[in-house]
Amino acid sequence: MDICHIPYRFSVTPFEFSHVRRNFCLPRSQTTPFCPRIPVASNSLSETDSPEPKSGNRMFVLGMGFVGQFFSQALKNQGWAVSGTCTSIMKKKQLEEKGFDIYLFDANQPEQSTIDVMKYHTHLLVSIPPVLGIGDPMLQHEELLRSTLMDGNLQWLGYLSSTSVYGDCGGAWVDEDYPTSPTSELANLRLVAEKRWLNLGDDLRLSAQVFRLGGIYGPGRSAVDTIIKQGALSESQKMRVSRQYTSRIHVEDISQALKASIHAPSHGKVYNIVDDDPAPREEVFAYARDLVEKKWPGQIKQSTKESESFIKKGSPTGAKRVSNARMKKELGVRLLHPNYGSGLQSIINHMEHHETYPSSLP
């Protein structure tokens with residue numbers, strides 16, 4: 001496996017990287033960033049096989065989950081070299097087949113060799129959720145991260161958080177300056193992790209920012225998919241059904257917001273990444289059900305309808321309506337899916353088996 005595979009086409013110019021370095025990074029060599037050869041296992045390429053570096057566009061994604069994979073593919077399509085981590089051999093193989101350099105990684109016991117690889121990338125996205133009783137597993141090793149990454153090539157750091165850090169705000173509109181008041185231990189751990197990643201970025205003199213994501217949906221993960229799969233609601237879904245307002249965001253818009261941050265880096269900023277229309281879950285599922293019925297009439301089973309009736313029984317709570325004004329103003333993001341209607345319509349339009357009802361989805 002190549003430690004760094006450098007592509008031939010790039011979306012960010014050397015000028016943009018030098019701008020980031022002047023404003024946020026420790027003084028470094030003025031030469032183009034490179035990927036030094038480091039000691040690796042015997043199954044790695046030899047020095048003569050290693051490709052010559054062509055650019056500084058290298059992203060490392062800690063946690064190649066739903067968002068991490070979508071974002072990584074978007075960058076790869078623009079010529080970036082992308083590496084990342086996962087926790088299973090099967091997933092590692094699947095991601096490598098898509099052209100990513102993947103490392104098996106246990107955040108509770110990180111290997112020094114993988115952290116060494118991280119420092120030869122220019123951008124780092126952290127997409128690992130906190131763990132109850134532990135917090136952010138990577139930050140258990142904060143001193144190791146600091147000492148290893150201090151003299152590396154990193155220039156940009158992004159941490160994916162959640163709008164859950166605001167708690168229940170009684171239906172009020174909240175922006176990034178609204179007081180946080182998490183109501184669960186996981187949300188509180190998110191808030192703690194936000195501060196610690198920003199502090200680490202400050203220590204490393206990086207452009208570091210936090211992205212507070214609303215409810216994430218996209219192809220394979222939406223109200224449309226839940227109805228088609230005809231399964232019962234999960235416990236987390238049941239906990240959210242009584243909210244009068246839920247802010248959500250399509251994964252495609254998360255990706256474009258992250259890319260916009262790379263082109264307009266900040267220092268210690270927090271951004272809410274949500275769409276324009278915080279809407280009740282009942283309304284979203286009703287719309288998704290109508291889309292499925294129109295495309296495949298008479299195919300929704302009774303079990304699915306019973307799940308939807310559960311949604312309608314909850315006593316509504318206010319929760320919150322999250323503002324995306326800063327994201328639009330400072331990052332210049334124009335949402336591809338400004339509301340759930342646009343996002344769900346796009347998902348069902350691009351589903352496979354257009355003429356036949358998909359009895360199950362992977």
Side-chain angles (χ1 to χ4, degrees), residues 9-12 57 59 61-80 82 84 94-95 98-100 123 125-127 129 156 158-163 209-229 246-265 271-279 281 283-285 287-288 291-292 295 322-354 358 361-362:
R9 183 168 54 88
F10 309 99
S11 60
V12 180
N57 295 341
M59 174 66 71
V61 179
L62 273 171
M64 291 281 274
F66 183 68
V67 174
Q69 287 186 52
F70 194 97
F71 179 54
S72 296
Q73 187 62 56
L75 289 182
K76 187 173 182 294
N77 291 345
Q78 293 182 345
W80 284 63
V82 182
Q94 292 171 347
L95 292 171
K98 295 180 179 180
F100 302 118
H123 294 69
L125 181 69
V126 182
S127 184
W156 181 95
Y159 174 69
L160 299 188
S161 185
S162 167
T163 56
Q209 42 270 301
V210 165
F211 304 95
R212 291 175 178 165
L213 310 182
I216 303 165
Y217 75 103
R221 178 176 165 170
S222 71
V224 166
D225 295 276
T226 299
I227 290 170
I228 289 176
K229 291 176 182 177
T246 297
S247 293
R248 53 187 56 79
I249 186 71
H250 193 287
V251 67
E252 197 171 1
D253 283 319
I254 297 174
S255 179
Q256 70 152 331
L258 295 177
K259 288 188 286 185
S261 170
I262 290 173
H263 287 277
Y271 295 100
N272 292 332
I273 309 298
V274 297
D275 68 18
D276 296 336
D277 185 20
R281 192 172 181 80
E283 182 180 312
V284 175
F285 266 79
Y287 185 82
L291 288 177
V292 175
K295 195 171 185 67
V322 182
S323 169
N324 58 21
R326 177 181 290 178
M327 174 190 75
K328 291 181 175 180
K329 180 179 179 180
E330 298 186 9
L331 299 182
V333 172
R334 297 182 63 181
L335 292 169
L336 298 169
H337 306 290
N339 53 57
Y340 69 82
S342 167
L344 294 180
Q345 186 68 63
S346 172
I347 289 169
I348 203 165
N349 286 346
H350 290 89
M351 278 185 168
E352 296 181 19
H353 316 297
H354 286 285
L361 292 174

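Because the structure is a prediction, the values reported are computed rather than measured. All values below come from the heavy atoms of this structure, side chains included, with hydrogens, waters and symmetry mates left out.
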State, yes or no, whether a side-chain contact exists between [X] and [Y] at a heavy-atom distance under 4.5 Å.
X: Asn324; Y: Leu335; value: yes
X: Gln345; Y: His337; value: no
X: Val224; Y: Met351; value: yes
X: Leu62; Y: Leu125; value: no

Practice task
Let me see the working for Leu213 and Ile254 under side-chain contact (heavy atoms from CB on, under 4.5 Å), right down to the final yes or no.
Solution key: CA-CA 8 Å; Leu213 310 182; Ile254 297 174; 4.1 Å; yes

Out of curiosity, [X] [atom1] to [Y] [atom2], how far, rounded to the nearest 0.5 Å?
X: Ile216; Y: Phe70; atom1: CD1; atom2: CZ; answer: 12.0 Å
X: Ile262; Y: Leu75; atom1: CD1; atom2: CG; answer: 5.5 Å
X: Arg326; Y: Tyr271; atom1: CZ; atom2: OH; answer: 7.0 Å
X: Gln256; Y: Arg334; atom1: CD; atom2: CZ; answer: 10.0 Å
X: His123; Y: Lys259; atom1: NE2; atom2: NZ; answer: 13.0 Å

Name all residues meeting the salt bridge (charged side-chain N to carboxylate O under 4.0 Å, His left out) criterion together with Lys328; count only those two or more places apart in sequence or in a different chain, and write none if there are none.
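For Lys328 the salt bridge (charged side-chain N to carboxylate O under 4.0 Å, His left out) partners, ignoring immediate neighbours, are Asp276.
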
So, for [X] and [Y], which heavy atoms are closest and what is the spacing to 0.1 Å?
X: Ala257; Y: Ile273; value: CB-CD1, 3.9 Å
X: Ser261; Y: Phe211; value: OG-CZ, 3.5 Å
X: Gly63; Y: Ser127; value: O-CB, 3.6 Å
X: Ser161; Y: Val210; value: CB-CG1, 3.9 Å
X: Ala260; Y: Val333; value: CB-CG2, 4.0 Å
X: Trp156; Y: Pro265; value: CD1-CB, 4.5 Å

### side-chain contact (heavy atoms from CB on, under 4.5 Å) between Arg248 and Val284, intermediate numbers included
CA-CA 11 Å; Arg248 53 187 56 79; Val284 175; 3.5 Å; yes

Once side chain to side chain donor-acceptor pair (under 3.5 Å) is applied, what residue pairs with a partner in residues 213-224 remain, sequence neighbours excluded?
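For residues 213-224, and leaving out neighbouring residues, the side chain to side chain donor-acceptor pair (under 3.5 Å) pairs sorted by first residue read Ser222-Asp225.
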
Exercise for review: Only counting residues at least two apart or in another chain, list the ones meeting ring-ring contact (aromatic ring centres under 6.0 Å, His included) with Phe71.
Suggested key: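 So Phe71 forms no ring-ring contact (aromatic ring centres under 6.0 Å, His included) with any residue.
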
Q. How far apart are the C-alpha atoms of Lys76 and Lys98, what are their side-chain angles, what is the distance that settles it, and do they pass the side-chain contact (heavy atoms from CB on, under 4.5 Å) test?
A. CA-CA 10 Å; Lys76 187 173 182 294; Lys98 295 180 179 180; over 6 Å; no

- Item | Sequence neighbours excluded, every pair satisfying salt bridge (Lys or Arg N to Asp or Glu O under 4.0 Å) that has a member inside residues 209-220 |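 Residue pairs with at least one partner in residues 209-220: Glu194-Arg212.
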
Got a sec, which residues hit side-chain hydrogen bond (donor to acceptor under 3.5 Å, both in side chains) with Asp275, two or more places apart in sequence or on another chain?
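Applying side-chain hydrogen bond (donor to acceptor under 3.5 Å, both in side chains) to Asp275 gives none.
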
Partners passing side-chain hydrogen bond (donor to acceptor under 3.5 Å, both in side chains) against Ser162 (at least two apart in sequence or in another chain) |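 Only Ser164 meet the side-chain hydrogen bond (donor to acceptor under 3.5 Å, both in side chains) criterion with Ser162.
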
- Test side chain to side chain donor-acceptor pair (under 3.5 Å) on Ser72 and Trp80 and set out the steps. CA-CA 9 Å; Ser72 296; Trp80 284 63; over 6 Å; no

| query | Parallel under 30°, tilted from 30 to 60°, perpendicular over 60°: which one fits the rings of Tyr340 and Tyr287? | reply |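 Perpendicular: the ring planes of Tyr340 and Tyr287 meet at over 60°.
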
Exercise for review: Check the pair Ile348, Lys295 against side-chain contact (heavy atoms from CB on, under 4.5 Å), reporting the backbone distance first and the verdict last.
Suggested key: CA-CA 9 Å; Ile348 203 165; Lys295 195 171 185 67; 3.6 Å; yes

Expected output: side-chain [X] to main-chain [Y] donor-acceptor under 3.5 Å:
X: His250; Y: Glu252; value: yes
X: Asp253; Y: Leu336; value: yes
X: Asn339; Y: Ser342; value: yes
X: Gln209; Y: Gly158; value: no

